[in-house]
Amino acid sequence: MARWARGEAVIERLIATGELQKVQGPAADGEPWLTKAQRTYASAVVLGATDRDSAYVLAYDAARLAGTAVLAHQGLRPTTKGGHLVVDEVLRAQFGEVFKPFRGLRIRRNELEYPAFPGDSADEAEIEKALSSADHIVKAAQKLLPSLGIF
């Protein structure tokens, strides 16, 4: 399992700026993150019919946890300085289109968590799309993990 060449410059830059850090040992195991992503996704599905905003946030969290699993499996971890943005940047730099929906989920999640006006809520179509995107991202991470090595 080799280090991914695609996105290497982006990762090196993020490490140098303190937005991403290297980890090893148990912290470099993405499986627990992926398991948590799958549980979070299942919770989002359950809430989808009764609490759309919370379901959307959980769908996003499932996608973020799946992305974090991919990073962890490579011995990488976002720092508080890099946060959720770094997860998006690293996934796109290394794997491109497969993780493209993550950015939209993150942006809309922020709008729901920090609304510009009262009453800004997710509608049913948004929930369906968010759940589909999160499911796609979790499954993509699950397929990737076995082929990833330490960066």
Side-chain angles (χ1 to χ4, degrees), residues 4 6-23 27-145 148 151:
W4 292 86
R6 181 178 175 184
E8 183 176 13
V10 170
I11 292 170
E12 293 291 355
R13 175 182 51 81
L14 293 170
I15 291 170
T17 60
E19 296 170 78
L20 192 64
Q21 67 186 40
K22 291 183 179 184
V23 295
D29 180 4
E31 289 295 336
W33 291 101
L34 187 57
T35 299
K36 189 170 183 179
Q38 292 164 333
R39 271 196 327 265
T40 302
Y41 173 76
S43 296
V45 170
V46 170
L47 278 178
T50 59
D51 185 352
R52 290 192 303 250
D53 289 356
S54 294
Y56 196 101
V57 171
L58 284 174
Y60 165 73
D61 283 342
R64 178 183 51 79
L65 290 164
T68 302
V70 170
L71 272 63
H73 225 65
Q74 296 178 86
L76 301 169
R77 178 183 176 275
T79 65
T80 55
K81 181 179 179 183
H84 297 198
L85 285 171
V86 165
V87 175
D88 180 38
E89 191 170 355
V90 170
L91 292 175
R92 284 173 163 264
Q94 289 189 306
F95 309 106
E97 294 297 307
V98 71
F99 290 103
K100 185 177 180 179
F102 182 79
R103 181 170 288 170
L105 287 171
R106 185 183 56 75
I107 291 169
R108 183 60 176 139
R109 175 264 186 191
N110 287 349
E111 292 170 355
L112 293 170
E113 289 283 282
Y114 312 103
F117 57 91
D120 184 13
S121 294
D123 62 33
E124 190 174 334
E126 281 183 294
I127 293 304
E128 288 177 19
K129 185 175 179 185
L131 290 172
S132 175
S133 294
D135 184 47
H136 171 81
I137 290 168
V138 170
K139 286 178 179 170
Q142 186 175 17
K143 287 178 186 174
L144 266 175
L145 253 56
L148 295 174
F151 182 82

Looking only at heavy atoms, the pair that brings A62 and V138 closest together is O-CG2, 3.8 Å

Inset, instruction - Find out whether L76 and L14 are in side-chain contact, i.e. whether some heavy atom of one side chain is under 4.5 Å from a heavy atom of the other. - result: no

So side chain to side chain donor-acceptor pair (under 3.5 Å) across residues 97-114, not counting sequence neighbours, yields D88-R103, R108-E111, R108-D120, R108-E126

- Query: Are any of the side-chain heavy atoms of L20 and F151 separated by less than 4.5 Å?
  - Reply: no

Which pairs of donor and acceptor atoms, one on a side chain in residues 38-47, lie under 3.5 Å apart (sequence neighbours left out)?
residue : atom : partner : partner atom : Å
T40     : OG1  : K36     : O            : 2.8
S43     : OG   : R39     : O            : 3.2

For T79 and G18 the tightest heavy-atom approach is OG1-O, 2.6 Å

Discussion item. Is there a side-chain contact between R6 and F95 in this structure, where contact means two heavy atoms from C-beta onward sitting under 4.5 Å apart?
Written reply: no

Scanning both residues in full, the closest heavy-atom pair of L105 with A134 reads CD1-N, 4.3 Å

Taken to the nearest 0.5 Å, the spacing of L65 CG from Y60 OH works out to 9.0 Å

Handout entry: Intermediate values then yes/no, side chain to side chain contact (heavy atoms under 4.5 Å, CB included), H73 and D29
Key = CA-CA 5 Å; H73 225 65; D29 180 4; 3.8 Å; yes

Note: V87 and P78 closest approach over all heavy atoms is CG2-CG, 3.8 Å

Between the CZ atom in F102 and the CG atom in L91, the distance rounded to the nearest 0.5 Å is 6.5 Å

Across all chains, not counting sequence neighbours, the side-chain hydrogen bond (donor to acceptor under 3.5 Å, both in side chains) partners of D51 are S54

**Item:** Side-chain donor or acceptor of S132 paired with backbone N/O of E128 under 3.5 Å
**Value:** no

Hits for side-chain hydrogen bond (donor to acceptor under 3.5 Å, both in side chains) against Y56, two or more places apart or cross-chain, chain-then-number order -> none

For A59 and A130 the tightest heavy-atom approach is CB-O, 3.9 Å

One should read off an interatomic distance between D53 CG and I127 CD1, to the nearest 0.5 angstrom, of 7.0 Å

Sequence neighbours excluded, the answer for salt bridge (Lys or Arg N to Asp or Glu O under 4.0 Å) partners of E89 is R13

OG1 (T68) and CG (L34) are apart, to the nearest 0.5 Å, by 11.0 Å

CD1 (I137) and CD (Q142) are apart, to the nearest 0.5 Å, by 14.0 Å

Output for pair (L144 CG, Q94 CD), nearest 0.5 Å, gives 9.0 Å

Minimal heavy-atom distance between V70 and A141, with the atoms involved, is CG2-CB, 3.7 Å

For K81, the salt bridge (Lys or Arg N to Asp or Glu O under 4.0 Å) test, sequence neighbours excluded, returns none

